Amino acid sequence: MLLIKNVKLNGELTNILLTGNKITSIVKDLGDFMDIPSIDGKGNTILPAFVDIHTHLREPGFESKEDITSGLKAAVAGGFSAVCPMPNTNPVTDNKYIVSYIKMRARESGLARVFPIGAISKGLKGDELAEMASMQRAGIVAVSDDGMPVTNSNLMRKAMEYADGLGMITISHSEDKSLAEGHANEGANATRAGIEGISRVAEEAMVAREILLADSLNVAVHIAHVSTTNSVDLIRWAKAKGIKVTCETCPHYIVGTDELILNYDCNAKVNPPLREERDRQAIIAGLLDGTIDAIATDHAPHTKSEKDREFALAPNGISGLESAFGLCYTALVDSGLMSLDRLSELMSKNPSDILNLPCGELIEGGLADFVIVDTDKEYEIDSSKWYSKGKNTPFNGRKVKGQIMTTIVDGNIVFNRETEERI
Ligand SMILES: [Zn+2]
Ligand SMILES: [Zn+2]
């Protein structure tokens, strides 16, 4: 048994008793529990640990960018107890052997839970459906060709229908490549910087297609990394019509715009690209009114040498697991836009529900997966101190509030900032 003393839950100080990997009880009065081994929460806030349904762990194949152990260290340091790695590995996660390998490596690291996402198409080539049923038996929880759009609409239709038959959701990386040949959002800042632009329609046209396919088949679809005003409007319209669409956005679309590309910082190069202030405002409005269901990191680590290139040649992606909470808490909660409860829902319960995962809640009898955060702690983001191999973030030096102090997964302390119990 383990007692978590003196933590704030829903604004009130309380204590949480764990037995094994379960929360046995939430007790106000310590009474008989004084002799049990305990950790002191010091009045900090306790939340269900975060669940990231969009992560790139890069293993197998790209271990110089990240491997499963370094990625999971980053996850628990960022307050996540569960992550869903995307299948654009090498070899591609399009068969049960790779799924089993990822699950095995995750078990070895013993840090966070890993629920892999399998490919929609073999080799992410967009020609032929991957073996979804056998991958599901090996442990995948959803399918996606993330990184590559499914250009063939009929294949996407078949994928959505087949995945739904297996009780899984299809996740769309919505991008019309023919409209996305540039390297930054099409607009004044790309023009000013002399960088070729990517039309918003590249994203929006595919979002519209997925919504219409989901409607025609009466199945669910999940839209990854929503970044534009019209995407939010399309999803809002679809939800009002009762179409089964859910979506996520990422911390960088909540806190960043394409102004960050003006100094040619390749760490601000991401796909979909950082947009303009009006899009950022639309994303926030979507988070506030429930159009956007979840925040996912799209954690995309790269090596320094890959990002130290000419803007047009650098790969897309932002390393996001270790800055997600601080950025979102500062922009959304500390600013007064939303309650901590709503942010918690967006980072834990909702993403978990979208993929039917057994996580995301802090309740008696529930899994002991939670995070203790110091919501008053102010600090500067410094990726040189991260556990992730990917130091690529355009938010270095940014002052944020809200620091992860302790992360507990399955009843075990997997991260403790104070004792630096090295993970
Ligand atoms: Zn994507
Ligand atoms: Zn991605």
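Keep in mind that this is a model prediction, so the values were computed, not measured. Heavy atoms only: backbone and side chains are in, while hydrogens, waters and symmetry mates are out. Atoms within each ligand, like the ligands themselves, are counted from 1 in listed order.
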Query - Among the N, O or S atoms of His173, the one nearest the Zn ion (ligand 1) - result: ND1
Requested in this report: Could you please compute the angle at the Zn ion (ligand 2) from OD1 of Asp298 to NE2 of His54, rounded to 10°?
Outcome: 80°
Query raised in the report: Is the backbone of Asp258 close enough, under 3.5 Å, to the side chain of Arg275 for a donor and an acceptor to pair up by distance?
Result: no
Query raised in the report: Out of the N/O/S atoms in Asp146, what is the name of the one closest to the Zn ion (ligand 1)?
Result: OD1
Query - Test: Glu322 and Lys385 ion pair at under 4.0 Å - result: no
Query raised in the report: Between His54 and His299, is the ring centre distance below 6.0 Å?
Result: no
Query raised in the report: Is Arg417 salt-bridged to Asp374, going by a charged N under 4.0 Å from an acidic O?
Result: no
Query raised in the report: Is His56 close enough to the Zn ion (ligand 2) to have an N, O or S atom under 2.8 Å?
Result: yes
